[in-house]
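Only one structure is covered here, and it is reproduced in the block below.
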Amino acid sequence: MSPPINARQLRRLLSAVLAVALASTLTALVRPAPAAAAAGNLILNGTFDNGSTQPWWTRLASTSTTVNAGQLRVRTSATVGRPVWEDLVGHFEFGVTAAQPYRLQFDAAADVSRSLRVSVSRADTPFTSAVDQSVTLTSSLRRFSFDFASPFGDPKAVLLFHFGGQAASTVRLDNISLAPLAVNPATDPILYWNGVLLATYKALDLPPTSSSREAAILHAAMHDAAVSVTGVGNPYRVRVPVSYPGTMDNVVAPSLHAAIDRAAYDVLTALYGGQGQSYSQALAAAVARRPSGVNDAEEARGDTVGAAAAAANLQARANDGSDKDTPYQLDGVPGSWRPTNGKAAVSPNWGLVTPFALTSGQQFRPGLPAGAAGYDDLLGKEEYDTQVQEIRDYGGRTSALRTADQTQIAFFWANDVGGTYKPPGQLFSHTRIVSEQRQLGILANARLFGLVALALADAAIAAWDAKYQTPIDLWRPVTAIEAMEGPGWQPLSQTREGVPYTPAFPAYISGHATFAGAWSAVMKRFFGTDAIAFDATTDDPHAVDVIRHMTGFDHAAEENALSRIYLGVHYRFDADAGLATGRSVGAYVFANRLRP
């Protein structure tokens with residue numbers, strides 16, 4: 001192992017390399033110009049077809065380069081026992097972008113069996129590598145290929161072939177290319193772990209309150225891991241310090257994929273491990289999807305960063321009030337909520353949970369329904385009667401006025417029953433559809449899904465504040481209609497078995513509508529427009545394989561809100577106030593968190 005070198009020695013080394021590169025550039029002014037890079041290839045003269053060695057340079061005077069039969073021939077001196085980085089052939093002055101996927105390819109052979117190290121590195125401190133791999137050369141020319149996502153951005157990166165620490169030899173190089181790859185959703189760790197989250201939602205019958213909180217912790221941790229590795233953007237909770245230990249032979253940058261994978265694994269295990277969920281297989285599958293250019297040391301450093309990001313975000317939510325279990329006390333008067341389907345109130349204290357971005361759950365609290373002062377005032381208003389009549393006419397199980405399309409809308413957006421990914425899951429699914437359609441990369445997805453998750457979590461807190469922490473905990477339509485007409489009317493909403501079903505919490509405001517408003521507000525601001533059409537999907541058992549075409553984010557949000565009327569579980573003012581509250585939440589989250 002070569003002795004460690006300090007930062008001053010590293011700077012001197014790179015200064016010497018830069019000087020050689022400059023000298024090579026000046027020499028190139030009187031030599032044939034190198035061939036232009038192929039389309040997408042960042043490397044100039046990687047085929048050597050014009051007979052020139054430019055712009056390739058060597059560090060040691062004893063290392064010579066020539067072009068023979070369209071191949072670069074590198075004659076190295078004997079450097080056994082000396083550092084690998086002492087004998088270099090390199091190419092300067094191309095840029096790499098943080099988190100962008102690339103493919104490095106080259107053909108190589110040697111007259112004697114030997115190893116060759118190849119790296120794409122920063123040209124200045126810290127001298128970290130985006131890819132750092134060693135290969136074994138034989139006398140037969142072979143193709144080597146490595147995919148990687150750069151953990152940093154650098155406008156002046158350097159491709160290095162390291163020949164030191166070996167016996168004298170002649171190495172042949174040809175067809176050298178470094179090209180950006182198109183975004184591949186199948187290898188994006190943000191999308192992957194969001195999919196694991198949605199599978200967890202379906203495995204566990206979770207309320208939208210806790211599930212939105214847990215999604216926010218997960219996506220905030222993954223975002224912070226990505227920001228820490230790449231240095232791009234502002235973290236939600238923590239920017240994990242990243243130092244670069246090692247010698248010039250081993251300056252280790254953390255793997256972006258490993259950092260995100262570890263952050264996600266640790267968060268999901270902490271949140272759901274106690275509920276019988278194991279993520280070992282999910283982690284193994286994630287590791288198998290990583291780019292081929294990541295070495296063990298880079299993965300280990302990525303694990304360290306990801307674990308720290310997960311720990312910081314979990315610790316920040318350790319005492320947020322989400323475990324408060326004070327029983328709900330019924331108001332017990334006409335107009336007030338009472339259990340439906342025999343189920344106790346769900347998450348009655350959720351409006352008191354510490355928000356992720358809002359100052360409090362009541363920051364965007366809407367006025368009481370129909371501007372009422374209390375229960376008696378509300379029940380005496382004409383607007384209340386009108387809205388109850390609307391639900392009776394359009395939301396009943398046997399409605400003659402509801403159209404077939406309205407019935408489809410009702411079930412399409414429901415996702416209330418166990419085994420579905422619930423309302424937050426559907427909005428994450430639609431975020432995925434748009435992300436893939438727009439071909440977002442890892443960093444963009446880390447920020448987008450982070451913003452959506454934070455907005456949905458705070459939307460739940462704001463909605464549940466309005467449901468339980470205000471003077472009117474409004475009864476559901478089934479209860480209101482029964483009080484007026486007696487038993488008999490039932491909502492369209494139903495379980496998998498077809499049994500009438502109403503969610504077990506007050507009507508005002510609609511949680512679905514609040515989630516939808518927060519989601520649309522984030523999506524519009526992130527993409528800079530509402531006019532992005534997409535084909536939306538659902539997980540509800542009563543709308544299997546149904547796809548609805550959305551003309552934009554507001555269209556989706558408004559249809560989502562109206563669905564609760566057609567389903568017979570919400571009044572129109574529940575939907576309207578939920579949309580307005582959610583839009584305020586989403587706009588606030590976007591303006592104040594995860595800034596680029």
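Predicted, not measured: the structure shown is a model, and the values here were computed from it.
Classification of R338 and D331 as a salt-bridged pair fails, no side-chain N sitting under 4.0 Å from a carboxylate O. With respect to the salt-bridge test (charged N to carboxylate O, under 4.0 angstrom), the residues R289 and D188 do not qualify. The pair D393-R402 fails the salt-bridge criterion, with no side-chain N (NZ, NE, NH1 or NH2) lying under 4.0 Å from an Asp/Glu carboxylate O. A salt bridge links D554 with R583: the closest approach of a Lys/Arg side-chain nitrogen to an acidic carboxylate oxygen falls below 4.0 angstrom. Residues D266 and R262 are paired through a salt bridge, judged by an N-O separation under 4.0 Å between the basic side chain and the carboxylate. Salt bridge K202/D539: present, at least one basic N to carboxylate O contact under 4.0 Å.
Judged as a ring-ring contact (aromatic ring centres under 6.0 Å, His included), the pairs with a partner in residues 440-461 (not counting sequence neighbours) are, in order, H219-F449.
A507 and K467 get closest at one heavy-atom pair: O-NZ, 3.8 Å. Heavy-atom minimum distance, A149 versus A99: CB-O, 4.0 Å. Of all the heavy atoms in P491 and V569, the pair that sits closest is CB-CG1, 4.5 Å. The minimum heavy-atom distance between I481 and V388, with the atom names listed, is CG1-CG1, 3.9 Å.
Ring-centre distance between W475 and H570: not below the 6.0 Å cut-off. Ring to ring, Y328 and Y468 are close: their centroids are under 6.0 angstrom apart. Ring centers of Y265 and Y279: at least 6.0 Å apart, outside the cut-off.
In this structure, W464 has no side chain to side chain donor-acceptor pair (under 3.5 Å) partners at least two apart in sequence or on a different chain. In terms of the side chain to side chain donor-acceptor pair (under 3.5 Å) criterion, residue partners of T551 (sequence neighbours excluded) are, by chain and number, H555. Not counting sequence neighbours, W193 has no partner by the ring-ring contact (aromatic ring centres under 6.0 Å, His included) test. Listed by chain and number, the residues in a ring-ring contact (aromatic ring centres under 6.0 Å, His included) with F515 amount to none (sequence neighbours excluded). Looking at residues two or more places apart in sequence or on another chain, you find a side chain to side chain donor-acceptor pair (under 3.5 Å) between D320 and R213, R317, S322.
Remark: the backbone N or O of K343 is not paired with any side-chain donor or acceptor of N341 at under 3.5 angstrom. Without hydrogens or angle criteria, Q363 side chain to T359 main chain gives a donor-acceptor distance under 3.5 Å.
Between Q362 and D465, the side chains place no donor N or O within less than 3.5 Å of an acceptor N or O (distance only, hydrogens not considered). For the 3.5 Å distance criterion, the side chains of Y272 and E214 qualify, holding a donor opposite an acceptor. Counting only N and O atoms by type, the side chains of N560 and H512 include no donor and acceptor under 3.5 Å apart. Residues N445 and S435 bring a donor and an acceptor atom of their side chains to less than 3.5 Å of each other. No hydrogens or angles considered: a donor-acceptor pair under 3.5 Å links the side chains of R548 and Q408. D325 and N349 are not linked by any side-chain donor-acceptor pair at a separation below 3.5 angstrom, with hydrogens and angles left out of the test. Residues T209 and S347 bring a donor and an acceptor atom of their side chains to less than 3.5 Å of each other.
Heavy-atom contacts from other residues, nucleotides or ligands closer than 6.0 Å to CD of Q439 number 12 or fewer.
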Please evaluate residues H430 and W413 with respect to the criterion ring-ring contact (aromatic ring centres under 6.0 Å, His included), reporting the C-alpha separation (whole Å), side-chain torsions for both, the decisive distance (0.1 Å), and the verdict. CA-CA 12 Å; H430 293 173; W413 294 100; 5.4 Å; yes

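Below 30°, between 30° and 60°, or above 60°: for Y566 and Y394 the angle between ring planes is between 30° and 60°, a tilted geometry.
Within the 4.5 Å cutoff, no side-chain heavy atoms of P101 are placed close to those of D147.
In summary, of the residues considered (D416, D576, D574), a salt bridge (Lys or Arg N to Asp or Glu O under 4.0 Å) with R564 occurs for D416 alone.
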